[in-house]
Every structure is written in C-alpha cells, then in structure tokens.
Amino acid sequence: MAASPLSSSSALSKPISKHHSFSLNTPQKVTFPLLPKTLQKPSSFPCNHVLHPQKSQFTTSSKNPISDFFSANKNEDGLVPSFSDDDDDKPREECGVVGIFGDPEASRLCYLALHALQHRGQEGAGIVAVNNNVLQSVTGVGLVSEVFNESKLDQLPGEMAIGHVRYSTAGSSMLKNVQPFVAGYRFGSIGVAHNGNLVNYRALRAMLEDNGSIFNTSSDTEVVLHLIAISKARPFFLRIVEACERLEGAYSMVFVTEDKLVAVRDPHGFRPLVMGRRSNGAVVFASETCALDLIEATYEREVYPGEVLVVDKKDGVQSVCLMPHPEPKQCIFEHIYFALPNSVVFGRSVYESRHAFGEILATEAPVDCDVVIAVPDSGVVAALGYAAKAGVPFQQGLIRSHYVGRTFIEPSQKIRDFGVKLKLSPVRGVLEGKRVVVVDDSIVRGTTSSKIVRLIKEAGAKEVHMRIASPPIIGSCYYGVDTPSSEELISNRMSVEEIREFIGCDSLAFLPFESLKKMLGSESPNFCYACFSGKYPVMPREVKVKRVGDFLDDGLNGPMDSIDGGWIQGPRDLNVEKEIDPLYQKSNI
C-alpha cells in the first residue's frame, strides 16, 4: 500500500501521487587532453547518452515489522550489539574511500581523511601505501582510531596511498573482507577501495570461477581485481576501463599501482567521488568534501559519471571517458541522510538541501506546536529549517550519547527500549507540557520511531508530531546502501495513517515526493529515487536482498552461512522475474 505524506489523529490524509543473461557492452572510449595542475572544469561531461530506466514492481506483505529485533539478538554473555536497535532502523551507507598522490605523508593524510569519513562506515578500515614500488597494507576491524596507531602508520611510508572505511552490504563483516584489497598479477600489484554495490556480481563471479578464478573473500569488489588480471588491454589503465565496462551497478573506486593512482566512477554516478588538491600539488580523491577540508585540500570538482582519472608523475592527471554514460542517477539519500552537513555532494551543499527539506515540511505539513526538536544527529538541519519557516523555537529535546560502544551489558531485569535510551536522552525541561514537532530524516521499519515517540511522551510532552524529511521508503536499494527487503519497509505495507497509529504519534507527515523533485529544480532528473518510487535505473540481475541480521556477526568470526555475503532470495514476484530474466517464459513452459 503506497503511503501518503500526511496523517494525523484529527485530520484526513492528504494523498500524493505515489536479467539473467550475461552481457558485455563494448562502449566507446574518448580520451581527453592532459589536464594541467589546475584542472580545467568542463561545463559538461561528454558521452551524454540517455538510458531510459526500466520499471520495477513491488509486492506488498501483511507481515508485521520486526518490532523487537533488539531483544531477540542478545548473545550468551548478555551482550547486545549497540547498533541492533535504533541504528538498525536506518539505511546504512556502505563505505567511504580516499586516494592521495604526491604527498610525502600520504598515509597519514589518508588516515585523517578516513576519520572525516567515519560516518560512512564503522566496521572496518584500511590503508594501502606505495613505497619503492611496493604496496604495503594495514587493515583491521573497527573504527579508524582502533585500527591505526603511530607504529602502524610508520609501516606505510610513501607518497601515494588509498584508504577505505566500510559498512558491509555485499560480503560479511569478517576481517578478510576489509578493504583496500591488494592483489598481485603478472604485470605487478594493484590495490582497490570501492564504494557501491555491483548488481551483476554473482553472474560475474560465476563466470570467473568457471574459468578457474579462486576467490578469497565474499566481497563484490574482488571481482574487479579478477577482471583486471584477465584483461589483455594495454596500457594499464585500459585494463581498469575494460574491467569496469563489465560492471553493472554502483561503484566509486580508487586504485593504486606501483606508480599510478586511478579514480573511477560508474556511468550513472550513483555514489559520490570528488577531487581536490593540496597546496603542495598533491592530488586527493575522496567520497566527500569534508575529507578534503580536514587535510587542507581545495575542492576542484567531482569525478564525473563514467570518468576514469589517472594520476602519475610523468603525465600528471589524465581524464578518460569510461563509456558513453546515461543520464546521471545520483543517490538522493546522500543529501537526506548519509553525507555530513558540511559536505558538498553532487555539487550541492548538503546543509542547504536538508534545511530546505525542513522548510518544505513546515509549509506543506504545518501544525500548531510550542517547540521543534530533532532526532540527532541527521535530523538537526531539517529541524532548523522547519523551525525557521514555522517561526517556532528549535531546542535540543533529545541528547545523543556518542560514547556507546559496539556492545553493552543489559541488566537482568529488562529495561524497555533499552537501546534507544542508551543513545537518546529526553530533556524534560524542553518537552514537558509542550506540543512537540519531532523532525527525523527517514522511517525505515518504524520500530525506532515508535520508541522515540514513547520516550518523548514519557518525558511529559503534551503532543508529539512527527515530520520526516524524506518521502516514504518503499523499495530496497541495490546500489551500495544496506536496506531491508521491501516487505519489511513499513511505508511499503502501511498507509501514513497506519504508520502514525503504529508509532503512536499525534500526527505524521513525510516530505512529499513531488515537492522534493521541485526543490531540486533542473537537477531533479539527475538523482536516483528508486527507494521512493521502485523504479530502478539499473535493474538488479540478482533479485536478492540483504539478510536483516547479517551485520550482527562480531566482525571476525561471522557465521558460516554468511560467507556468501548474506544474500537471500527476494520476494517472489513473477512480473519482476519476467522482466529481469528474458528466458523466464521458456524455462517455465
């Protein structure tokens, strides 16, 4: 059932207009002139062919959402993963990448840049540096500050390095899946760090294994290394181009060899990747501009969709068109949730986007209230926008603890909503006796929202009105975001009024989809809205979804059944199967 954007206990809802064969494209390659140290910024990137996205259909389910996932996953020692409760009810960005060329402290700058990108992944981190034509790697499970120290960074000398922080979408959380990956082949060594998700990973892996390739990990990124190794293209960067031509889905990648740093972005530009330069001329690539800011690199431009940038001492920076690219389909959730507010993503200020989302909510879903609060941290800027437009004071009604570790010990006498209470503490002086507007960035399963509403009402709030700074999420993401299967998404199964009743608030409104697109203006067609519309720019070849509990292993000793990456067959929808597999009818006669 499609969700309409506004519902309250006293008002009517206001509705809104809610493959298996393996193919290898042989696209054109266009080489551009060498770029000087101060890069020329073209007004538009070439190879601008438009691909019309196919439609995907979704089935709905009457299953109840997972309402007590937190309590069901306590281990034998009484430890509960701290992210299994409220963080579980948010989409997860897969990872962040960094690449640095031409700085004598490349690995240390890489380490700092990864700190700035820590919000994009907290399960593992790694750096590969090049010194005297040798690739040296340090990887580990945990936060950047837990993986690296002075002695480990001393093991990574050199003027060139790449780094990675991860939250797994394909591949379990075991140490062997922590990137960057390094591999040797007949022409040398190569390292790679990848942000995104390949929708044809299984088909590619099966093809490679049939031809004798041996895989060490369950990550889709390893496929890329195998494709490079078997390529016969010359010079080297054309091996990367040829490998990427076989990939489908989302990938923003940085590669390092004995003498080159290479950055690649998929033809749709799903995931961000930017380029900057330090005052000493060092070239920097990163997932977000916040990483450039920390290491004092000046933002120059994005890596364009479908572009390969090759950096070496001999030729400086070279730009190559990977393939004729379709209309860009950049992930809108970067602006809604993933990126830091101080970043510029896809050429737009994340802060300004979120502020505008809040203003739209105040205009299109107003309500009498005494105070506006946010669900920290991602709802803060939208709440500021709502408060400014509504002329109502913004206050900190919920305080977030940033010091909760990966696990905590629950007392033997169960505390209701324990996980939420550990991380969010209500301020009674702000909430008591007040009509409160609560702004959050999204609702996924609804389980956390219900606990937050209960928390605020227990603190004495007279009324609680939820305002969500994104449209209802009805579809899973296949492009590098960890989301539940579509039947677990509450907006795919319930109307806004049903969701309001489920989470227990007095009114509920989502950011209207059409208003979001109107705010983006002429750039609106350049964004991917698959999670809101169910229309996928690149149809998933493997109709799979991430298992809900896959991320609950300890990062070192994942269960054996997660070795394949924790993918299960998605909901059986014959219409989808017919659309994805052109041989469906023949195989079912």
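When all heavy atoms are compared, the tightest approach of Leu422 to Ser401 is O-CB, 3.6 Å. Among all heavy-atom pairs drawn from Leu227 and Leu204, the shortest one is CD1-CD1, 4.3 Å. Shortest non-hydrogen contact noted between Gly140 and Val178 is O-CG1, 3.7 Å. Scanning all heavy atoms of the two residues, the minimum distance from Val345 to Pro272 falls at CG1-CB, 3.9 Å. Closest heavy-atom contact between Val141 and Glu123: CG1-O, 3.3 Å. Val147 and Ala125 make their closest contact through CG1-O, 3.8 Å (heavy atoms, listed as atom of the first residue, atom of the second, distance).
Summarising the geometry, atom CD1 belonging to Ile332 is positioned 7.0 Å from atom OG belonging to Ser353; distances are rounded to the nearest 0.5 Å. Separation of atoms CD1 (Ile468) and CD1 (Ile336) is listed at 11.5 Å; rounding is to 0.5 Å. To the nearest 0.5 Å, atom CZ of residue Arg271 and atom SG of residue Cys95 are 9.0 Å apart. Residue Asn197 holds its CG atom at 8.0 Å from SG of Cys477, rounded to the nearest 0.5 Å. Note that CE of Met160 is 5.5 Å distant from OG1 of Thr257, once rounded to the nearest 0.5 Å. In this structure, CD1 on Ile373 lies 10.0 Å from CD on Gln396, to the nearest 0.5 angstrom.
Two residues are said to be in side-chain contact when any heavy atoms from C-beta on lie closer than 4.5 Å; Val284 and Ile295 meet this criterion. Taking the side chain as every heavy atom from C-beta outward, Ile190 and Leu225 approach each other to under 4.5 Å. Within the 4.5 Å cutoff, no side-chain heavy atoms of Ser252 are placed close to those of Phe270. Two residues are said to be in side-chain contact when any heavy atoms from C-beta on lie closer than 4.5 Å; Val98 and Ile162 fail this criterion. For the pair Phe255 and Leu261, the minimum side-chain heavy-atom distance is 4.5 Å or more. With contacts defined as side-chain heavy-atom distances shorter than 4.5 Å, the pair Leu273/Val264 does not qualify. At a threshold of 4.5 Å between non-hydrogen side-chain atoms, the residues Ser189 and Glu258 count as touching. With a 4.5 Å cut-off on side-chain heavy atoms, Val420 and Ile452 count as touching.
Taking a cutoff of 4.0 Å between a charged side-chain nitrogen and a carboxylate oxygen, Glu352 and Arg348 do not qualify as a salt bridge. No salt bridge links Arg278 with Glu105; every basic N to acidic carboxylate O contact stays at or beyond 4.0 Å. The pair Arg108-Asp154 meets the salt-bridge criterion, since a charged nitrogen lies less than 4.0 angstrom from a carboxylate oxygen.
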>> If you apply the rule salt bridge (charged side-chain N to carboxylate O under 4.0 Å, His left out), what do you find for Glu296 with Arg277, and how did you get there?
In response: CA-CA 9 Å; Glu296 297 183 329; Arg277 196 183 294 270; over 6 Å; no
> Under the side-chain contact (heavy atoms from CB on, under 4.5 Å) criterion, do Asn195 and His164 qualify, and how do the steps go?
Replying inline: CA-CA 9 Å; Asn195 176 21; His164 188 270; 5.8 Å; no
> Given Gln179 and His194, is the side-chain contact (heavy atoms from CB on, under 4.5 Å) satisfied, shown in steps?
Replying inline: CA-CA 8 Å; Gln179 298 182 34; His194 170 211; 3.6 Å; yes
> Please walk me through it: do Ser218 and Asn177 pass side-chain hydrogen bond (donor to acceptor under 3.5 Å, both in side chains)?
Replying inline: CA-CA 7 Å; Ser218 58; Asn177 285 309; 3.1 Å; yes
> Under the side-chain contact (heavy atoms from CB on, under 4.5 Å) criterion, do Val97 and Phe285 qualify, and how do the steps go?
Replying inline: CA-CA 8 Å; Val97 300; Phe285 298 104; over 6 Å; no
>> What verdict does the side-chain contact (heavy atoms from CB on, under 4.5 Å) test give for Met253 and Val224, after you've listed the backbone C-alpha separation in whole Å, the side-chain angles of each residue and the deciding distance to 0.1 Å?
In response: CA-CA 10 Å; Met253 295 186 286; Val224 183; 4.1 Å; yes
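One N or O on the side chain of Asp266 and one on the backbone of Tyr251 form a donor-acceptor pair closer than 3.5 Å. Proximity of a side-chain donor or acceptor of Gln318 to a complementary backbone N or O of Val311 within less than 3.5 Å is not detected. With Lys152 contributing its side chain and Val138 its backbone, the two residues share no donor-acceptor pair below 3.5 Å. Distance alone, capped at 3.5 Å, is enough to place a donor-acceptor pair between the Asn200 side chain and the Arg246 backbone. Checking side-chain atoms of Thr289 against main-chain N and O of Val344 turns up a donor-acceptor pair under 3.5 Å. Side-chain atoms of Glu222 come within 3.5 Å of backbone atoms of Asn216 as a donor-acceptor pair (strictly under, hydrogens ignored). Judged by distance alone, the side chain of Glu334 and the main-chain N or O of Cys331 form no donor-acceptor pair under 3.5 Å. Put simply, the side chain of Ser476 gets close to the backbone of Ser486: a donor and an acceptor are under 3.5 Å apart.
Legend: salt bridge (Lys or Arg N to Asp or Glu O under 4.0 Å) pairs involving residues 177-199, not counting sequence neighbours: none detected. Residue pairs meeting the side-chain hydrogen bond (donor to acceptor under 3.5 Å, both in side chains) criterion with at least one partner in residues 129-143, sequence neighbours excluded, are absent.
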Let me check something: any side-chain donor-acceptor pairs from residues 110-118 under 3.5 Å, sequence neighbours excluded? List them with distances.
residue	atom	partner	partner atom	Å
Tyr111	OH	His115	NE2	3.2
Gln118	OE1	Val144	N	2.8
Gln118	NE2	Gly121	O	2.7

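Within the 6.0 Å centre-distance limit, the rings of Phe215 and His226 are counted as a close aromatic pair.
When the side-chain contact (heavy atoms from CB on, under 4.5 Å) test is applied to Ala229, the partners found at least two apart in sequence or on another chain are Tyr185. Every residue two or more places apart in sequence or in another chain was checked for a side chain to side chain donor-acceptor pair (under 3.5 Å) with Ser279, and none qualifies. Scored by the side-chain contact (heavy atoms from CB on, under 4.5 Å) test, Asp293 finds Asn342 as partners (sequence neighbours excluded).
Remark: the Ser219 side chain and the Thr221 side chain contain an N/O donor-acceptor pair separated by less than 3.5 Å. In the model, Ser470 has no side-chain atom that pairs as donor or acceptor with a side-chain atom of Asp441 under 3.5 Å. Under the 3.5 Å distance criterion, with hydrogens and angles disregarded, a donor-acceptor pair is assigned to the side chains of Glu288 and His119.
Checking each of Ile228, Val310, Val241 against Phe236 for a side-chain contact (heavy atoms from CB on, under 4.5 Å) leaves exactly one that passes, namely Ile228.
By the 30° and 60° cut-offs, the orientation of the rings of Tyr536 relative to Tyr478 is perpendicular.
Taking the ring axis of Tyr304 as reference, the NZ or CZ atom of Arg265 does not stay both within 45° of it and closer than 6.0 Å to the ring centre.
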